[in-house]
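The structure under discussion appears below in the form of structure tokens.
In what follows, every heavy atom counts, from backbone to side chain, and hydrogens, waters and symmetry copies are set aside. Just so you know, ligand 1 is whichever comes first in the structure, and atom 1 is the first atom listed for that ligand.
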Amino acid sequence: MKKVRVRYAPSPTGLLHIGNARSALFNYVFARHFGGDFIVRIEDTDVLRNVEGGEASQLNYLSWLGLSWDESPDKGGNYGPYRQLERLELYTKYAEELLEKGLAYKDFREDSDAYAIRFKVPSDVTYQFDDLVRGTLKFESKDVEDWIIMKDNGIPTYNFAVVIDDHFMEISHVLRGEEHITNTPKQLMIYDAFGWEAPQFGHMTIIVNEEKKKLSKRDKNVIQFISEYAQMGYLPEAMFNFISLLGWSPSENEEILDQKAIIEQFDPKRLSKAPAMFDKDKLAYINSRYVKMLDVDTLAEKARPFLEKADIEIKDDAWLKTLVGLFQDRMSYIGQIVELYQAFFHEHFEIDDEAYQFLVENQSLDLLNAFKALLETSSFDAEEIQALIKQVGKDTNTKGKPLFMGLRIATTGDMHGPSLPVALALLGKEIVIKRLEQTMNRLRGDL
Ligand code: GLU
């Protein structure tokens, strides 16, 4: 097999979108699996659509995702330059060669010397290629009109420039989105015209939303830019894992795979033909699995900026670690710590009907009263609270659910939740006593 060289070729027209990120990721994984090179090339010939900072943002979020590349505009390499606008001479030279060979012609604008160059599409040729994903695809040249390869401003069109670049950059495989299938015959015409060998193409399936409609950048129900996930506190390793499952599946059932495992297990034969569904719940689930794997120190440092931004006072490092430790199992992304904190420390403490009924049925008043008395003189660290829970159980002859769930409901309003002693220590004495009093008053009123 020829040396594997693949590329990701974004147009710097905006932020890194989930669909582009997927193309980049699969090319990267492909290169690393086969020990090849991964190249980033900037396709900036659509001058009016280029946005300032577009290229930097693309590269920035690719490396956030954990991708690295061997050649690019910022890194250089032996096949540069890596921005199409810096390669205009090359396109001009080859367009002129096609003119000389009679395979292209000048198309003059009315009343002007300015001309575009059109490729003369041969009649009655069948273009066919073996797509890595879809098998053999065939196109008839008679369905394609003569098309512009160079615009009258001297800038090449995508279908022409991409061939010149892929050829001279010695690209061996092209993995890209399905929307490029119909471009491929035009590209094959150019390879044929120069007598060059075309790379092997693979067109990855579209990504659809939960209504099975093609994901569109305007779809407001799905967050689609990698920067947005980064800002919410999704973990790059989890995003990498999730994106790798959009149109590919590992042969084993286990879907939680780190980059190394994905690269090892990657097999182009397992790229899927069926549309890949962007499943938000799956993303949240995968991310929560990665959050759970973090050690508490790392999680605390990742959560800190989110709490600070929400003006939540971080008492000290130990407090912060207790807080994140308490919620680690419930967080699907790190920014959620703010909501969880707010729900936990809510000012308006409320117990819903089902939970309150539990207190009524178990006649919890004496238990709560005794617990309050013990807490009042306690130093309120989690260990001591743990001991006091035991003691109040003995003192009031209460055990099991009536004890543990009773105290939990009366102090947190919830029937289930994280470790109660830790939670109470975090809430602090003042809030816990106030809540106990509030709950007891309600129970007394209902007697
Ligand atoms: N610039 C093209 C795009 O962003 C690249 C397509 C290709 O990989 O050939 O869709």
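- Residue contacts with ligand 1 for E179 are absent, since no atom lies close enough (heavy atoms, distance under 4.0 Å).
- Side chain to side chain, N159 and Q187 meet the donor-acceptor criterion of an N or O pair below 3.5 Å.
- Of the residues listed (F119, F160, F168), the one engaging Y94 in a ring-ring contact (aromatic ring centres under 6.0 Å, His included) is F168, and it is the only one.
- Ligand 1 has at least one atom lying under 4.0 Å from a heavy atom of R7.
- Nearest protein heavy-atom neighbour of atom 4 (O) of ligand 1: A9 O, 3.6 Å.
- F242 and F278 have their aromatic ring centers within a separation under 6.0 angstrom.
- Below 4.0 Å from some heavy atom of E43 lie the following atoms of ligand 1, by number and element: 1 (N), 2 (C), 5 (C).
- A salt bridge (Lys or Arg N to Asp or Glu O under 4.0 Å) with D165 is found for exactly one of R41, R7, R83, R5, namely R41.
- Per-residue contacts place R176 under 4.0 angstrom from the following atoms of ligand 1 (heavy atoms of the residue considered): 7 (C), 8 (O), 9 (O).
- No more than 12 heavy atoms of other residues, nucleotides or ligands lie within 6.0 Å of NZ in K434, so this atom counts as exposed by the packing criterion.
- Atom 10 (O) of ligand 1 has its closest protein heavy atom at H180 NE2, 2.8 Å.
- Across all non-hydrogen atoms, the minimal contact from L175 to N27 is O-ND2, 2.9 Å.
- Scanning the protein for heavy atoms near atom 9 (O) of ligand 1, the closest one is Y158 OH, 2.6 Å.
- Atom CD of E254 is surrounded by more than 12 heavy atoms from other residues, nucleotides or ligands within 6.0 Å.
- When only interatomic distances are considered, the shortest N/O to N/O separation between V162 and ligand 1 does not fall below 3.5 Å.
- Put simply, no part of Y8 is less than 4.0 Å from ligand 1, judged by heavy atoms.
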